[in-house]
Number of protein chains: 2
Amino acid sequence: MTTPVRVLLADDEHLIRGALAALLSLEDDLVVVAEAATGPEALAMARAHAPDVAVLDLQMPGADGVKVATSLRAELPACRVLIVTSHGRPGHLKRALAAGVRGFVPKTVSAQRLAELIRAVHAGNRYVDPELAADAISAGDSPLTAREAEVLEHAADGAPVAEIAERAALAEGTVRNYLSSAASKLGAENRHAAVRLARERGWV
Amino acid sequence: MTTPVRVLLADDEHLIRGALAALLSLEDDLVVVAEAATGPEALAMARAHAPDVAVLDLQMPGADGVKVATSLRAELPACRVLIVTSHGRPGHLKRALAAGVRGFVPKTVSAQRLAELIRAVHAGNRYVDPELAADAISAGDSPLTAREAEVLEHAADGAPVAEIAERAALAEGTVRNYLSSAASKLGAENRHAAVRLARERGWV
DNA sequence: CACCCCCTCTGACATTTGTCATGCCCGGTG
DNA sequence: CACCGGGCATGACAAATGTCAGAGGGGGTG
């Protein structure tokens, strides 16, 4: 047999990370060479150990999986990235693929299946969970313009228009206009519902 | 040695559940007798297998860990409940303890530690993660009255006052009053920010 | 070049909100 | 029993928000 696949495991939940490391180690063609609990830590570990495959959680403190994947793409082009996530929003998948991620699966898969996917990704294949892919396709592209999305993001915490205007360096009236058009594009009754919808689809 | 501790494992993420089951099985005084991916399934499994300890994820489809714990308390008083969670909101801890849960820990603990806690809980001890406990204490009790909390919940998805009034069977003016007083109690600028804050603290 | 789409702003208007004062009914507490 | 706090409501007002029409500038495409 050839040399084993060197794997980096990044997930902020120690329970999962540890358990996963143990399970993957049972596969004798896989070896977990490093673990990380945060985005920056994952990057540092990747630099230090140059793994073949990085298994990244989508939501981690510091920097999310997609951001890490982007940096990894630049620094270690040979390292393939596989993203694992609990809540798969359609938009995230699109962003992940754009960042050069090779695999994208929900945490509902079995460890056995994950091991297979690590091998597949290492071999150069791509794999996206069919259900998540279907969601992404049916959700389609974001109908929002760049500014609409930006303003909507600033509105996310329920701030009043005046504050959004200040943060975005726009006139209040302009902000209201963007908010209004964004809400109508999303079919929402008001900006708050719009924020919720955009969040669900991963458009913010 | 005495008979092993019979454990029920409930978590919607197959990856974690499977990995955990494998790890816990390495401990020879623990045996995983059942697994479940949803709240109702966890209940059914508990009825069928009467485990000594139920390890429940806080967020599951169908019914959350606290709801399951409440039912379990009534149906299987001998079964001790240990809750595991990724995002520990202060209010959840309080609700969990009220439901008779014996242990409450974040998923950042190690599997080794979890095994110890399962034994401790089985022996009749209680255990709450110190950090979560500190959060819960510093966050204090919800200052909201029952109606304020109810109205705030209905406001959660950004619905207009008219809709909230209809769902809560209240006059619009009354709803506005409750929302207003809730927001001022939480120190929020408006109801949407109030919803966010109450969510964070686990008060809704 | 003409056209279209996006960005930006303004002003005006209707509607929705937040806020406050005030009143009534009820269950508990001193 | 008198008092208080909470639940519930009304009405009125100010402020925030949503909506519309319009208008100038800029970049890209046919």
Side-chain angles (χ1 to χ4, degrees), chain A residues 91 94-95 98 139-204, chain B residues 91 94-95 98 139-204:
Chain A
K94 204 156 300 203
R95 285 218 318 280
D141 271 332
S142 170
L144 305 175
T145 67
R147 275 294 182 285
E148 285 165 355
E150 184 194 336
V151 170
L152 209 52
E153 261 183 277
H154 284 125
D157 56 357
V161 173
E163 202 177 314
I164 303 171
E166 197 189 353
R167 287 204 290 232
L170 288 175
E172 288 194 25
T174 311
V175 169
R176 287 218 291 273
N177 286 149
Y178 283 147
L179 251 19
S180 181
S181 77
S184 88
K185 279 180 182 176
L186 297 177
E189 295 204 44
N190 54 47
R191 62 217 177 91
H192 306 288
V195 166
R196 218 173 40 78
L197 286 175
R199 273 266 158 77
E200 271 173 27
R201 294 168 171 58
W203 289 339
V204 294
Chain B
K94 203 156 300 200
R95 286 218 316 282
D141 271 332
S142 169
L144 304 175
T145 67
R147 275 294 182 286
E148 284 164 356
E150 184 194 335
V151 171
L152 210 51
E153 262 182 276
H154 284 126
D157 56 357
V161 173
E163 202 178 312
I164 302 172
E166 196 190 353
R167 286 203 292 231
L170 288 174
E172 289 195 24
T174 311
V175 169
R176 287 217 291 273
N177 285 149
Y178 284 146
L179 288 176
S180 180
S181 76
S184 88
K185 279 179 182 176
L186 297 177
E189 293 204 47
N190 55 47
R191 62 218 178 86
H192 306 287
V195 166
R196 218 173 39 79
L197 285 175
R199 273 266 159 78
E200 270 175 26
R201 294 169 170 60
W203 289 338
V204 294

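Letters A, B, ... are given to chains in the order of the sequence lines, protein chains preceding strands, and every chain is numbered from 1.
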*Asks:* Where the side chain of P160(A) is defined as all heavy atoms beyond and including C-beta, which of dC7(C), dT10(D), dT17(D) is the nearest nucleotide?
*Replies:*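 For P160(A), the side-chain atoms sit closest to dT17(D).
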
*Asks:* Starting at the 5' end of DNA chain C and moving along, which residue's nearest nucleotide shows up first, A169(A) or K185(A)?
*Replies:*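 That would be K185(A).
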
*Asks:* Using the rule side-chain contact (heavy atoms from CB on, under 4.5 Å), only one of V161(A), V151(A), L186(A) pairs with R191(A); which is it?
*Replies:* V161(A)

*Asks:* Can you check the L186(A) CG to dG18(D) P distance for me, whole Å?
*Replies:*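 Whole-Å distance recorded here is 13 Å.
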
*Asks:* Round to a whole Å and report the spacing from CD of E172(B) to C1' of dT15(C).
*Replies:* 12 Å

*Asks:* My understanding is that only one of I164(B), L170(B), L144(B) makes a side-chain contact (heavy atoms from CB on, under 4.5 Å) with Y178(B); could you say which?
*Replies:* L170(B)

*Asks:* Between H192(A) and L170(B), who's closer to the 5' end of DNA chain D by nearest nucleotide?
*Replies:* L170(B)

*Asks:* Would you kindly give the CD-to-C1' distance between E150(B) and dC8(D), to the nearest whole Å?
*Replies:* 13 Å

*Asks:* Taking 4.0 angstrom as the limit, do D157(A) and R199(B) come out as a salt bridge?
*Replies:* no

*Asks:* Are K185(B) and T145(B) packed together at the side-chain level, in the sense that at least one heavy-atom pair is separated by less than 4.5 angstrom?
*Replies:*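 Heavy-atom side-chain distance check passes, below 4.5 Å.
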
*Asks:* Provide, to the nearest angstrom, the distance between the CG atom belonging to L152(A) and the C1' atom belonging to dT17(D).
*Replies:*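 So the CG-C1' distance, L152(A) to dT17(D), works out to 15 Å.
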
*Asks:* Starting at CD of E163(A) and ending at P of dT17(D), how long is that distance when rounded to a whole Å?
*Replies:*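 Spelled out: CD on E163(A) to P on dT17(D) is 10 Å.
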
*Asks:* Out of dT17(D), dG18(C), dC9(C), which nucleotide sits closest to the side chain of N177(A)?
*Replies:* dC9(C)

*Asks:* From CD of E189(A) over to P of dT15(C), roughly how many Å is that when rounded to an integer?
*Replies:* 15 Å

*Asks:* Which one, dG7(D), dG18(D), dG18(C), comes nearest to the side chain of S180(A)?
*Replies:* dG18(D)

*Asks:* CD1 of I164(B) versus P of dC8(D): gap in Å, rounded?
*Replies:*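 Roughly 15 Å, once rounded to whole Å.
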
*Asks:* Measure the distance from CZ on R191(B) to P on dT17(D) and round it to the nearest whole Å.
*Replies:*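 R191(B) atom CZ is separated from dT17(D) atom P by 11 Å.
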
*Asks:* How would you label the contact of N190(A) with the nucleic acid (heavy atoms, under 4.0 Å): base, sugar-phosphate, or nothing?
*Replies:*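 Answer is sugar-phosphate: N190(A) comes under 4.0 Å of backbone atoms only.
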
*Asks:* Mind checking if T145(B) touches a base, just sugar-phosphate, or nothing, with heavy atoms under 4.0 Å?
*Replies:* sugar-phosphate

*Asks:* Would you say the side chain of R147(B) and the base of dG7(D) hold a donor-acceptor pair, judged only by whether the two atoms sit under 3.5 Å apart?
*Replies:* no

*Asks:* To check you understand the geometry: which heavy-atom pair defines the closest contact between A194(A) and A183(A), and what is its length?
*Replies:*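 Minimum heavy-atom separation between A194(A) and A183(A): CB-CA, 4.0 Å.
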
*Asks:* Closer than 4.0 Å, any side-chain N/O of Y178(B) to the OP1 or OP2 of dG6(D)?
*Replies:*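 Negative; the distance criterion is not met.
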
*Asks:* Which of these nucleotides, dT17(D), dG7(D), dT8(C), is closest to any side-chain atom of R176(A)?
*Replies:* dT17(D)

*Asks:* Taking for each residue the nucleotide of DNA chain D with the nearest heavy atom, is it S184(A) or T174(B) whose nucleotide lies nearer the 5' end?
*Replies:*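 It is T174(B), whose closest nucleotide lies nearer the 5' terminus.
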
